[in-house]
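As the structure lists them, so they are numbered: ligands from 1, and atoms in each ligand from 1. The figures that follow rest on heavy atoms only: side chains count, while hydrogens, waters and symmetry mates do not. Bear in mind that the values here come from a model prediction, so they are computed numbers and not experimental data.
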Amino acid sequence: MSEPSEDCVFCTIAAGGIPADVLASSEHSVAFRDLDPQAPTHVLVIPRRHVANLGELADHPAELADAVVLARLVATQEGLEDGYRLVANTGARAQQSVFHAHLHVLGGRDLTWPPG
Ligand code: DGP
């Protein structure tokens, strides 16, 4: 599905219907701070298009690239030159909880590997 969904919290944020700490936006994407930060910098980058996950966004390569470019811009703005992580939880078993594609931009502390 690609139409905005009024049942989708990220569609509502992208439309300005729920307040969010928006850091940057572009033609196809919006970046805002996560409600439940897991690192000193924890920003979500979402496509304006409603698709369930990043894999589906790959059917729209310009919009996928736009999201990654916005994530890179946010990382620079947040001073994460020493390293940051882009995470896209995909599917329930990977702990995806909001089924609108998003990239987590995590940084500002040492990040361990492997992830849990
Ligand atoms: P995931 O588990 O990968 O689907 O991540 C969803 C993230 O979305 C989670 O870290 C919390 C965040 N989140 C959920 N609802 C809201 C909201 O209304 N506002 C903001 N800023 N973040 C939200």
*Looking only at heavy atoms, is any part of Phe99 under 4.0 Å from ligand 1, and if so is it the side chain, the backbone, or both, or is it neither?*
neither

*Protein residue, atom and distance nearest to atom 1 (P) of ligand 1, heavy-atom basis*: His102 NE2, 3.2 Å

*Side chains of Ser29 and Asp66: do they bring a donor and an acceptor to under 3.5 Å?*
yes

_Same cluster (ILVMFWY, side-chain, under 4.5 Å), Val45 and Leu106_ = no

*Rounded to the nearest 0.5 Å, how far does OG1 of Thr76 lie from CD of Glu81?*
6.0 Å

*Less than 4.5 Å apart, any side-chain heavy atom of Leu80 and any of Thr41?*
yes

*Could you tell me whether Arg72 atom CZ has more than 12 heavy atoms of other residues or ligands within 6.0 Å of it?*
no

*Quick one: nearest non-hydrogen protein atom to atom 4 (O) of ligand 1, plus distance?*
Ser97 N, 2.7 Å

*Under 4.0 Å between a Lys/Arg side-chain N and an Asp/Glu carboxylate O for Arg33 and Glu78?*
yes

_Gln96, any N or O under 3.5 Å of ligand 1 N or O_ = no

_Side-chain heavy-atom pair His42, Val105 within 4.5 angstrom cut-off_ = no

*Side chain, backbone, both or neither: which part of Arg33 has a heavy atom under 4.0 Å from ligand 1?*
backbone

*asked:* Please list, in number order, the atoms of ligand 1 under 4.0 Å from a heavy atom of Phe32.
replied: 20 (C), 21 (N)

*For ligand 1, is Gln38 a contact, meaning one of its heavy atoms is under 4.0 Å away?*
no

*Location of contacts on Val87 toward ligand 1, heavy atoms closer than 4.0 Å*: neither

_When you measure from the side chain of Arg48 to the backbone of Cys11, do you find a donor-acceptor pair of N or O atoms at a distance under 3.5 Å?_
no

*Select the closest option to atom 9 (C) of ligand 1 among Asp34, Val98, Leu54, judged by heavy-atom distance.*
Asp34

*His42-ligand 1 polar pair, N/O distance under 3.5 Å*: no

*Nearest protein heavy atom to atom 18 (O) of ligand 1, by residue and atom, and its distance?*
Val9 CG2, 3.5 Å

_Do Val51 and His100 have side chains that approach each other closer than 4.5 Å (heavy atoms only, starting at C-beta)?_
no

*Distance to 0.1 Å, residue and atom name: give those for the protein heavy atom nearest to atom 19 (N) of ligand 1.*
Ile13 CD1, 3.6 Å

*Go through the steps for Ile46 and Phe32 under the test side chain to side chain contact (heavy atoms under 4.5 Å, CB included), then give the verdict.*
CA-CA 9 Å; Ile46 65 166; Phe32 55 90; 3.8 Å; yes

_Part of Ala20 with heavy atoms under 4.0 Å of ligand 1, whether side chain, backbone, both or neither_ = neither

*Would you say ligand 1 has an N or O under 3.5 Å from any N or O of Leu35?*
yes

*Hey, is Asp36 touching ligand 1 through its side chain, its backbone, both or neither, going by heavy atoms under 4.0 Å?*
neither

*Taking non-hydrogen atoms only, is Gln95 closer than 4.0 angstrom to ligand 1 via side chain, backbone, both or neither?*
backbone

